[in-house]
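Since we're looking at a predicted model, the values are computed, not measured.
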Amino acid sequence: TAFAREHLGPDALLAPEQACVLSSDPEEARRVARGHMATYLGLPNYTNNLRRFGWGDEDLADGGSDALVDAIVAWGDEAAIAERIAAHHAAGADHVCIQVLPAEPTKAPLDEWRRLAPALLG
């Protein structure tokens with residue numbers, strides 16, 4: 001977000017997306033996150049951008065290193081996710097699109113949205 005703000009300047013609308021998993025279990029959260037990231041890690045334009053930001057081949061292999069997964073997908077309890085969203089605003093975002101990733105990809109994350117709403121709106 002800071003990189004985008006720097007290059008867009010102060011007047012452009014900046015609305016990054018933040019994927020998140022509402023789970024404090026690292027193994028479960030990263031499993032869900034890797035499922036979401038799988039398509040992106042197969043796209044050269046996406047991986048080339050990650051390399052430009054310093055991620056190496058070892059980070060991009062096998063579904064992504066834990067560090068890469070943690071950098072791309074916010075996970076944890078409501079407060080941890082709210083903190084990641086706040087960091088985007090602090091870095092210059094005007095709005096942050098929150099993509100909640102459910103444990104079961106075929107289900108809408110209604111419970112997670114209900115749990116996150118008070119932490120993000122308060």
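- Within a 6.0 Å sphere centred on CG of Asn48, heavy atoms belonging to other residues, nucleotides or ligands number more than 12.
- Note that CG of Leu50 is 5.5 Å distant from CG of Leu68, once rounded to the nearest 0.5 Å.
- In this structure, the side chains of Ser23 and Val32 stay at 4.5 Å or more apart for every pair of heavy atoms.
- Summarising the geometry, atom OG1 belonging to Thr47 is positioned 13.5 Å from atom OH belonging to Tyr40; distances are rounded to the nearest 0.5 Å.
- Contact annotation: the side chain of Leu22 never approaches that of Pro102 to less than 4.5 Å [non-hydrogen atoms, C-beta and beyond].
- Considering all non-hydrogen atoms of both residues, Leu101 and Val73 come closest at CD1-CG1, 4.1 Å.
- Nearest approach of Ala82 to Ala119, heavy atoms of both residues: CB-O, 3.9 Å.
- In this structure, the separation between NE2 on His88 and CG on Asp94 is 13.0 Å, given to the nearest 0.5 Å.
- Counting only distance, with no hydrogens or angles, the side chain of Asp59 and the backbone of Ser65 share no donor-acceptor pair below 3.5 Å.
- The number of heavy atoms from other shown groups lying within 6.0 Å of CD (Gln99) is above 12.
- Residues Asp77 and Ser24 approach most closely at N-OG, 3.5 Å, considering heavy atoms.
- Here Asp111 contributes atom CG and Leu116 contributes atom CG; the two are 11.0 Å apart, rounded to the nearest 0.5 Å.
- In this structure, the side chains of Arg34 and Asp62 stay at 4.5 Å or more apart for every pair of heavy atoms.
- Within a 6.0 Å radius of CD in Glu17, other residues, nucleotides and ligands contribute more than 12 heavy atoms.
- Side-chain N or O atoms of Arg5 include none that pairs as donor or acceptor with a backbone N or O of Ala91 at under 3.5 Å.
- Electrostatic pairing of Glu28 and Arg31 counts as a salt bridge here, judged by a charged N lying under 4.0 Å from a carboxylate O.
- Ring-plane geometry between Phe53 and Phe3 is classed as perpendicular, the angle between the planes exceeding 60 degrees on a 0 to 90 degree scale with a lower cut at 30.
- The shortest side-chain heavy-atom distance between Trp113 and Val100 falls under the 4.5 Å cut-off.
- Pairing each heavy atom of Gly64 with each of Leu41, the nearest pair is N-CD1, 3.8 Å.
- Ile98 and Ile72 fall into different hydrophobic clusters, defined by Ile, Leu, Val, Met, Phe, Trp and Tyr side-chain heavy atoms under 4.5 Å apart, directly or through other members.
- Atoms CD1 and CD, on Ile81 and Glu83 in that order, are 11.0 Å from each other to the nearest 0.5 Å.
- Comment: Arg30 does not engage Asp25 in a salt bridge, judged by the lack of any side-chain N to carboxylate O separation of less than 4.0 angstrom.
- In this structure, the side chains of Arg84 and Gln18 come closer than 4.5 Å at one or more pairs of heavy atoms.
- Val69 and Leu43 fall within the same hydrophobic cluster, where Ile, Leu, Val, Met, Phe, Trp and Tyr residues are linked whenever their side-chain heavy atoms come under 4.5 Å apart, directly or through other members.
- In terms of heavy-atom proximity, Val21 sits nearest to Ala33 at CG2-N, 4.2 Å.
- Across Leu14 and Gly92, no two heavy atoms sit closer than the pair CD2-O, 3.8 Å.
- In this structure, the side chains of Leu120 and Val96 stay at 4.5 Å or more apart for every pair of heavy atoms.
- Contact check on Asp57 versus Arg51 returns a salt bridge, with a Lys/Arg side-chain nitrogen under 4.0 Å from an Asp/Glu carboxylate oxygen.
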